[in-house]
Every structure is written in structure tokens, then in C-alpha cells.
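Please read the structure below before turning to the comments.
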Amino acid sequence: MSFSSEVKEELSRQVSTSRHCQLAELAAIICFLGRLETDVDGEVQLCLQTENETVIRKCFTLLEKTFNINTDVLQISLGEGKGHTYTTLVEGRDEVVKILQAVKMKDEYGMEQAVRKGPNPLIIKNACCKRAFLRGAFLSVGSMSDPGKSYHMEFVCIFEEGAEQLKQLIQGFQVEAKIVSRKKYYVVYLKEGTGIVDLLNIMEAHISLMDFENYRIVKEMRNSINRKVNCETANITKTVNASSRQIEDILLIRERYGFQNLSDSLRETAELRLEYPDATLKELGQILTPPMGKSGMNHRLRKLSEIADKLRD
């Protein structure tokens, strides 16, 4: 099971105790997946355009809790219509109207407008209802990448107005979200690990949040170790390259100028470098009596380099 599926499975088990929050989550599912269809007998049906059993199961749970509709009586009928697979939730005009009125998708703010522009603001006026709506939105059109590979969460919307409203809803919780157009869809996405953690917390996916944080800790620790190793490697390479140049200069001075013509301090430094080719400047300085600091050793070796350059000229 993918990490995204694990999140949805956890969210499907999270049911608010308040009816208004249950209605907000139901409104999200209907906004993103709901369709009104008419059967061969002319009977109105409220359907979901999905084959995701997790979403279907959660939707029936919400219908049972908010309208006392016995889900054992309802038949989950998968039928092909207009090139899509639909799952019938409720049959009968009276039942459909009752549900749409409860989720504020009837009369002047109808279902078509809700599908295009998002839910009626009255259904998500409370912070708890906004959390529930985001939970339903992720169940319906959300997905996440494997946090072990990358940090990415997205909601795929059909209409730009609905995507914009969803983005504003997420940003209302101080979480940064952006919209990108992808083919004929509008995708609300989050790329920052911190923002994804915050949104998982907002949707009350606490187990998934802890799993995600574990991935982050391991990944950041690995990156930290890699940075330190790369830094150490770069420092070693720099030391080796500098030592090679210094030894080359000292050998040239010994051959064409002679150590006897150097001052005592420079001769001592040249002989020490030849004896300890792999030592750092700090280590060379500690060998001297009295010990010398790194800057002092660097100054002496630079003087030797200047003498070598003059000999080359």
C-alpha cells in the first residue's frame, strides 16, 4: 500500500462527533466527486464518480450518521455512464433533496455551482468544519508522494474557482499552498515538508503524521551526514593539493637555490614539510619548538612559494 493510500485509510476511520463537521466532510466529497443522474425509470440518483472503496465507505458512514440512512439497504452499484464509473449513494428525489439542502447545495447555491466554485461558505464557517472539509477533499482528490523520496501533496480539481477556494482554505491555517495548471486540471499543491506535516495535523491524520516525521528525520540525518562527508572530503582534497604544491616548490628551491641560502626559520619549515607531507598546517605548527599557529606556518610556506616563483621566472 502506498503512503497516500495509508493516509486515506486513516482519514476514512476518522469521523467527527459533531453533525455539522460530518456534513462539511460529506459536502467535500459531493463537491469533488458527486453527480446527479437519472435512471431508466426517471428516478433521480445522487452518485459518486469514483471506484475508490475507501471514499465510498466513508461516504456511506457519513450518510448513516447524519441522515440515519441504513447503508445495509443501499446497493453499491457500479455502472458505466458517460465514460465514467458511478456509485449510487441515494435514490429518490426527496432523499436527494434532503441531503443537498443539508450540505447547502440546493436552491440558489446549487450542486453545479458548488462543484465549480466550492462549497457554500456557511457549511465551513467553523474551524472544525474546515478541518473536516479538507479531510473529505483529500479523500476525494488528494494524493501524496512517498516521503522517503520527495515531499509533495496535491489536490486535483476540475475547476479553477474550486481550486482557488481550496487553496484559500488551506492558507487560512497558515499553510503555504500553490496552484499549477496541469493539462485540463488545476492542482493545489504543497512542496514543503513542514506544510505537509501541518496539513496532516489539520486533517487529524496523526499516525500518518508521525510516520511522515520519521521519514523526515531519517532523510535529514542522511543529508546532514552526506554534507559533513562532502565537506571533510573537500577539506582533505584541499589539504593534499596545497601540500603537493608546497613540496614541489621546496624541491625546486633545494635543487636550484639550496637550503643553506634560506633563513633558519624557512629552512626548518621546508625540511618539516618534506618530512610530514600529509600533515595540516596546524599539525606542522605543533611539531615546532616552540609551537607555532596555523597562520604563522601559512606565512612561512607562502614565503617559500614566492622564492620558488622567482626561481621559475
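- The shortest distance between side-chain heavy atoms of Thr194 and Arg216 falls below 4.5 Å.
- Pairs passing the ring pair (Phe, Tyr, Trp, His ring centres under 6.0 Å) check and including a residue from residues 126-145, sequence neighbours excluded, read Phe138-Phe155.
- Side-chain N or O atoms of Asn230 include one that pairs as donor or acceptor with a backbone N or O of Asn226 at under 3.5 Å.
- If you take CG on Leu63 and CG on Leu23, they are separated by 10.0 Å, rounding to the nearest 0.5 Å.
- A distance of 5.5 Å separates CZ in Arg13 from CD in Glu9, rounded to the nearest 0.5 Å.
- Following chains of ILVMFWY side-chain contacts shorter than 4.5 Å, one cannot reach Val103 starting from Val97, and the two form parts of different hydrophobic clusters.
- Judged as a side-chain contact (heavy atoms from CB on, under 4.5 Å), and not counting sequence neighbours, the contacts of Val96 are Leu36, Val44, Leu46, Val90, Leu100.
- For Ser2, the side chain to side chain donor-acceptor pair (under 3.5 Å) test picks out Ser5, with sequence neighbours left out.
- Placement of Leu209 and Ile207 in two distinct hydrophobic clusters is found when ILVMFWY residues are connected by side-chain heavy-atom separations under 4.5 Å, directly or transitively.
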Run the side-chain donor-acceptor check on residues 299-308: report pairs under 3.5 Å with partners two or more places apart or on a different chain.
from: Arg300; atom 1: NH1; to: Ser265; atom 2: O; distance (Å): 3.4
from: Arg300; atom 1: NH1; to: Thr269; atom 2: OG1; distance (Å): 3.2
from: Ser305; atom 1: OG; to: Asp249; atom 2: OD2; distance (Å): 3.4

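- Here the rule is side-chain contact (heavy atoms from CB on, under 4.5 Å) with Val218, and of Met221, Glu220, Arg222 only Arg222 fits it.
- The two atoms that bring Leu11 and Ala205 nearest to each other are CD2-CB, 3.7 Å, heavy atoms only.
- The nearest pair of heavy atoms linking Val188 to Cys157 is CG2-SG, 4.5 Å.
- A 4.5 Å side-chain heavy-atom check between Leu200 and Ile196 finds at least one atom pair inside the cut-off.
- Applying the side-chain hydrogen bond (donor to acceptor under 3.5 Å, both in side chains) test to residues at least two apart or on different chains, the pairs with a partner in residues 126-137 are Ser16-Arg135, Glu25-Arg135, Arg135-Glu204.
- Between Ile124 atom CD1 and Leu169 atom CG the span is 5.0 Å, to the nearest 0.5 Å.
- Residues Met210 and Met203 share a single hydrophobic cluster, defined by chaining ILVMFWY side chains whose heavy atoms lie under 4.5 Å apart.
- Applying the ring pair (Phe, Tyr, Trp, His ring centres under 6.0 Å) rule to Tyr189 yields no partners; only residues at least two apart in sequence or on another chain are considered.
- Glu275 is not listed as a side-chain neighbour of Ile287, based on a closest heavy-atom distance of 4.5 Å or more.
- When all heavy atoms of Ala137 and Ala28 are compared, the closest pair comes out as N-CB, 3.7 Å.
- Remark: side-chain polar atoms of Arg19 are paired, donor with acceptor, to backbone N or O of Thr66 under 3.5 angstrom.
- A distance-only check finds a donor-acceptor pair linking the side chain of Arg273 to the backbone of Tyr276 [under 3.5 Å].
- Within the 4.5 Å cutoff, no side-chain heavy atoms of Val156 are placed close to those of Phe32.
- Here the side chains of Met153 and Ile170 are not in contact, with every heavy-atom distance at 4.5 Å or above.
- Residue Ile29 comes nearest to Gly136 through the heavy atom pair CG1-O, 4.0 Å, listed as atom of the first residue, atom of the second, then distance.
- Proximity of a side-chain donor or acceptor of Ser243 to a complementary backbone N or O of Asp278 within less than 3.5 Å is not detected.
- By the 4.0 Å N-to-carboxylate-O rule, Glu53 lies too far from Arg57 to be salt-bridged with it.
- The minimum heavy-atom distance linking Ser4 with Met144 is given by the pair OG-N, 3.1 Å.
- Taking the ring pair (Phe, Tyr, Trp, His ring centres under 6.0 Å) definition, one finds that Tyr186 meets it with nothing, sequence neighbours left out.
- Of all heavy-atom pairs spanning Glu283 and Thr280, the tightest one is OE1-N, 2.9 Å.
- Using modelled atom types, one finds a donor on one side chain and an acceptor on the other under 3.5 Å when comparing Ser208 with Glu10.
- Other residues, nucleotides and ligands contribute over 12 non-hydrogen atoms within 6.0 Å of the CG atom of Leu288.
- Between the side chain of Arg182 and the backbone N or O of Val187 there is no donor-acceptor pair closer than 3.5 Å.
- At a threshold of 4.5 Å between non-hydrogen side-chain atoms, the residues Lys219 and Asn223 count as touching.
- Atom CD of Glu43 has more than 12 heavy atoms from other residues, nucleotides or ligands within 6.0 Å.
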Candidate pair Leu48 and Arg35, rule side-chain contact (heavy atoms from CB on, under 4.5 Å), full reasoning: CA-CA 6 Å; Leu48 289 187; Arg35 299 291 183 272; over 6 Å; no
Trace of the side-chain contact (heavy atoms from CB on, under 4.5 Å) decision for Ile56 with Asn52: CA-CA 6 Å; Ile56 296 170; Asn52 190 322; 5.9 Å; no
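- Alongside Ile236, the hydrophobic cluster contains Val240 (criterion: ILVMFWY side chains under 4.5 Å).
- If you chain together hydrophobic residues whose side chains sit under 4.5 Å apart, Leu281 and Leu266 fall into the same group.
- Every side chain to side chain donor-acceptor pair (under 3.5 Å) that Gln168 has, sequence neighbours left out, goes to Glu164.
- Using a 4.5 Å cut-off between side-chain heavy atoms of Ile, Leu, Val, Met, Phe, Trp and Tyr, with links allowed through other members, Leu252 and Ile247 fall into the same hydrophobic cluster.
- Salt bridge status for Lys310 with Asp313: absent, with no side-chain N to carboxylate O gap under 4.0 Å.
- Listed by chain and number, the residues in a side-chain contact (heavy atoms from CB on, under 4.5 Å) with Ser295 amount to none (sequence neighbours excluded).
- For the pair Leu134/Phe173, a side-chain contact is recorded, criterion being any heavy-atom separation below 4.5 Å from C-beta on.
- Taking 4.5 Å as the limit, every side-chain heavy atom of Leu26 sits out of range of all side-chain heavy atoms of Lys58.
- With rounding to the nearest 0.5 angstrom, the CG atom of Leu190 is 9.5 Å from the CG atom of Asp198.
- In this view, Ser150 and Ser145 satisfy the side chain to side chain donor-acceptor pair (under 3.5 Å) rule, not counting sequence neighbours.
- The OG1 atom of Thr17 sits 8.0 Å away from the NE2 atom of His20 when rounded to the nearest 0.5 Å.
- Partners of Lys8 by side chain to side chain donor-acceptor pair (under 3.5 Å), not counting sequence neighbours: none found.
- If you take CD1 on Ile250 and CD on Glu271, they are separated by 9.5 Å, rounding to the nearest 0.5 Å.
- A donor-acceptor contact shorter than 3.5 Å is absent between the side chain of Gln22 and the backbone of Val15.
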